[in-house]
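One-based numbering along the sequence shown.
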Amino acid sequence: MTSGAAPERDELFIDTGFAKCSCRGEKACGDTVLFKRIPEEERLIAVLADGLGHGVKAEILSAMTATMALRFVAEDREIVHSAEIIMDALPVCKVRKISYSTFTIIDTRPGGITRVVEMDNPQFILFRAGKVLELEKQVIFSPKYRDRRINIYSFQARPDDKVIFFSDGVTQAGMGSPHFPLGWRGEGVREYLSELLSRKKDISAQEISENLMREAIAHETDMKPGDDISAGCLSFRQAHRMLLFTGPPYDSGRDRECAEIFRSFSGSKVICGGTSAEIISR
């Protein structure tokens, strides 16, 4: 495939992973990460929501936001109106008198066509060929909630692309400490991920998420998070294909046909059973 060519639909497989931890002193995590595969549409949707504050109340806010966002996006509803419905539905905090949850939505369709929608979460990072790819964005505002800005990005994913998204617990890790008075920040996250991906070429989406979460915790004073921390990853790669040959064909006259299918298959091959091995060998 040439560098500018679009990947074939069956070339891309999306490996997913996420990791999260609670703010110090809390058992409930105020961040929610959800994935939904829609096989009949060859589609994958990922959502990360961050509820106001931390603890059980934040967990409720983020869970409601992520669940509704997942449903609205799967139904292809208009995003601004959907965000307004979510904000209207969230319970109001008795202390701050507001209902609030941020979110990141990633919607990937056949051929790697991908749209990312963010509302007040840190900007996601797209790694391609080991480097951060800068993308143009469309900025829209809600007529009802004018302080809510929604960023929309569109791109076509390619094999080996990695989309990494996270809550502000990552970028703000260590805030107020002598070494990180303003937190780890987006630049620090990018530098860390660049080094990690250059060092571990075949790292999985789950490992990326867990490494990012642990590194954010390591930036906190005494490794005690001052906020909920969550990270997710979508890793696009070529599908790993495998053919398993087990049991001889009912009609022995088809032995040669089965052996030819096995021989010409491109991918991993597995033979199970002595008779099957004898047929392929012969």
Undergrad: Ignoring hydrogens, what is the shortest heavy-atom contact between C29 and C21? Give both atom names and the distance.
TA: SG-O, 3.6 Å
Undergrad: Say you draw a straight line from CG of D107 to CD1 of I45; how long is it, rounded to the nearest 0.5 Å?
TA: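 Between atom CG of D107 and atom CD1 of I45 there are 5.0 Å.
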Undergrad: For E215, is there any backbone N or O sitting under 3.5 Å from a side-chain donor or acceptor partner on H219?
TA: yes
Undergrad: Could you go step by step and tell me if R282 and D255 meet the salt bridge (Lys or Arg N to Asp or Glu O under 4.0 Å) rule?
TA: CA-CA 9 Å; R282 177 163 47 84; D255 285 2; 3.1 Å; yes
Undergrad: Would you say R158 and R237 make side-chain contact, with heavy atoms under 4.5 Å?
TA: no
Undergrad: Counting neighbours of CZ on R199 that are heavy atoms of other residues, nucleotides or ligands and sit closer than 6.0 Å, is the number greater than 12?
TA: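 Counting other residues, nucleotides and ligands, CZ of R199 exceeds 12 neighbours.
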Undergrad: If you define the side chain from C-beta out and look only at heavy atoms, does anything of M242 sit under 4.5 Å from K269?
TA: no
Undergrad: Testing the basics here: between I14 and R37, what is the closest heavy-atom pair and its distance to 0.1 Å?
TA: O-NH2, 2.7 Å
Undergrad: Answer with yes or no whether the hydrophobic clustering places L48 together with I217; edges join I, L, V, M, F, W, Y residues whose side-chain heavy atoms lie under 4.5 Å apart.
TA: no
Undergrad: I need the minimum non-hydrogen distance between F165 and V163, along with the two atoms involved.
TA: CD2-O, 4.0 Å
Undergrad: Quick check: do L12 and Q238 have side-chain heavy atoms less than 4.5 Å from each other?
TA: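 Side chain of L12 against side chain of Q238, heavy atoms only: no contact under 4.5 Å found.
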Undergrad: Might you point out which heavy atoms bring V73 and R43 nearest each other, and give the distance in Å?
TA: O-NH2, 2.7 Å
Undergrad: Is the terminal nitrogen or CZ of R148 (NZ for Lys, CZ for Arg) located under 6.0 angstrom from the six-membered ring centre of F103 and within 45° of that ring's axis?
TA: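 No, R148 and F103 do not form such a contact.
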Undergrad: Kindly check if the number of other-residue, nucleotide or ligand heavy atoms within 6.0 Å of CZ (R254) is above 12?
TA: no
Undergrad: Spell out, as yes or no, whether a donor-acceptor pair under 3.5 Å connects the side chain of S276 to the backbone of G247.
TA: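 Indeed, once roles are kept as given, a pair shorter than 3.5 Å links the two residues.
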Undergrad: As an exercise, state the distance from OH of Y145 to CD1 of I86, rounded to the nearest 0.5 Å.
TA: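 Separation between the atoms: 10.5 Å.
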Undergrad: Going by side chain to side chain contact (heavy atoms under 4.5 Å, CB included), F127 matches just one of L193, L133, D160. Which one?
TA: L193
Undergrad: Would you give the length of the straight line joining atom CG of D15 to atom CD of E207, rounded to the nearest 0.5 angstrom?
TA: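 The CD atom of E207 is 9.5 Å from CG of D15, to the nearest 0.5 Å.
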Undergrad: Honestly curious: do I113 and L135 fall in one hydrophobic cluster under the side-chain, below-4.5 Å linking rule?
TA: no
Undergrad: Under the 4.5 Å side-chain heavy-atom rule for ILVMFWY, direct or indirect, which residues accompany L243?
TA: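 So far as hydrophobic clustering goes, L243 is joined with F245, I261, F262, F265, I271, I280.
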Undergrad: Do the side chains of L234 and I106 get nearer than 4.5 Å, heavy atoms only?
TA: yes
Undergrad: Checking the side chain of S209 only, and the main-chain atoms of A19 only, is there a donor and an acceptor separated by less than 3.5 Å?
TA: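 It does not hold such a pair.
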Undergrad: For residues T114 and R109, determine if any side-chain heavy atom of one lies less than 4.5 Å from a side-chain heavy atom of the other.
TA: no
Undergrad: Can you pull the salt bridge (Lys or Arg N to Asp or Glu O under 4.0 Å) pairs that have at least one residue in residues 216-231, sequence neighbours excluded?
TA: none
Undergrad: For the aromatic rings, using the six-membered ring if either is Trp, is the centroid distance between F124 and Y153 under 6.0 Å?
TA: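 Distance test on ring centres: under 6.0 Å, yes.
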Undergrad: Please check if the number of heavy atoms outside R214 that lie under 6.0 Å from its CZ is greater than 12.
TA: yes
Undergrad: Are the charged groups of D168 and R185 less than 4.0 angstrom apart, N to O?
TA: no
Undergrad: Evaluate F166 against I229 for side-chain contact (heavy atoms from CB on, under 4.5 Å), listing each step before the verdict.
TA: CA-CA 8 Å; F166 37 87; I229 294 175; over 6 Å; no
Undergrad: For V80, is there any backbone N or O sitting under 3.5 Å from a side-chain donor or acceptor partner on E78?
TA: yes
Undergrad: Indicate whether the side chain of S62 and that of D50 have a donor and an acceptor atom separated by less than 3.5 Å.
TA: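 There is no such pair between these side chains.
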Undergrad: Between CG of L90 and OG of S101, what distance do you get to the nearest 0.5 Å?
TA: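 L90 atom CG to S101 atom OG measures 6.0 Å (nearest 0.5 Å).
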Undergrad: Side chains of T104 and N121: is there a donor and an acceptor less than 3.5 Å apart?
TA: yes
Undergrad: Do V170 and F18 belong together in a cluster built from hydrophobic side chains that touch within less than 4.5 Å?
TA: no
Undergrad: For S266 and R241, which heavy atoms make the closest approach, and how far apart are they?
TA: O-NH1, 2.8 Å
Undergrad: Decide yes or no for E84 and P143: does some side-chain heavy atom of the first lie under 4.5 Å from some side-chain heavy atom of the second?
TA: yes
Undergrad: Do T221 and S177 have side-chain N/O donor and acceptor atoms under 3.5 Å apart?
TA: no
Undergrad: Within a 6.0 Å radius of atom CD on E195, are there more than 12 heavy atoms belonging to other residues, nucleotides or ligands?
TA: yes
Undergrad: To the nearest 0.5 angstrom, please state how far the CD atom of Q156 sits from the CZ atom of F236.
TA: 10.5 Å
Undergrad: Find the distance between CE (M68) and CG (D88) and round it off to the nearest 0.5 Å.
TA: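 Spacing of CE (M68) from CG (D88) equals 9.5 Å.
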Undergrad: Considering non-hydrogen atoms only, spot the tightest contact between L34 and A66 and give its length.
TA: CD1-CB, 3.7 Å
Undergrad: Please test R190 against E187 for salt bridge (Lys or Arg N to Asp or Glu O under 4.0 Å), starting from the C-alpha separation and ending with a verdict.
TA: CA-CA 5 Å; R190 290 186 178 202; E187 293 181 4; over 6 Å; no
Undergrad: Decide yes or no for M64 and P91: does some side-chain heavy atom of the first lie under 4.5 Å from some side-chain heavy atom of the second?
TA: yes
Undergrad: Assess the residue pair H81 and K144 against the criterion (side-chain contact (heavy atoms from CB on, under 4.5 Å)); give the C-alpha distance rounded to whole Å, side-chain angles, the decisive distance to 0.1 Å, and a yes or no.
TA: CA-CA 9 Å; H81 182 54; K144 188 172 184 179; over 6 Å; no
Undergrad: Under 4.5 Å between any side-chain heavy atoms of D120 and I150, yes or no?
TA: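 Not touching, per the 4.5 Å side-chain cut-off.
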Undergrad: Any salt bridge between E26 and K20, counting N to O under 4.0 Å?
TA: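 No.
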Undergrad: Tell me, with the steps shown, if N211 and Y192 meet side-chain contact (heavy atoms from CB on, under 4.5 Å).
TA: CA-CA 10 Å; N211 274 268; Y192 168 74; 3.4 Å; yes
Undergrad: Do I105 and I164 land in one hydrophobic cluster if side-chain heavy atoms of ILVMFWY residues count as linked below 4.5 Å?
TA: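 No, it is not one cluster - the side chains of I105 and I164 are not joined through contacts under 4.5 Å.
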Undergrad: Would you sort out whether T102 and M119 count as a side-chain contact (heavy atoms from CB on, under 4.5 Å), showing the intermediate values?
TA: CA-CA 6 Å; T102 66; M119 189 180 79; 5.7 Å; no
Undergrad: Taking atom CZ of R256 as the centre, does the number of heavy atoms from other residues, nucleotides or ligands within less than 6.0 Å exceed 12?
TA: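 No, CZ of R256 has 12 or fewer neighbouring heavy atoms, counting only those of other groups under 6.0 Å.
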Undergrad: I'd like to know if I140 and F72 are part of one continuous hydrophobic network [Ile/Leu/Val/Met/Phe/Trp/Tyr, side-chain heavy atoms within less than 4.5 Å].
TA: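 Yes; I140 is reachable from F72 via cluster members.
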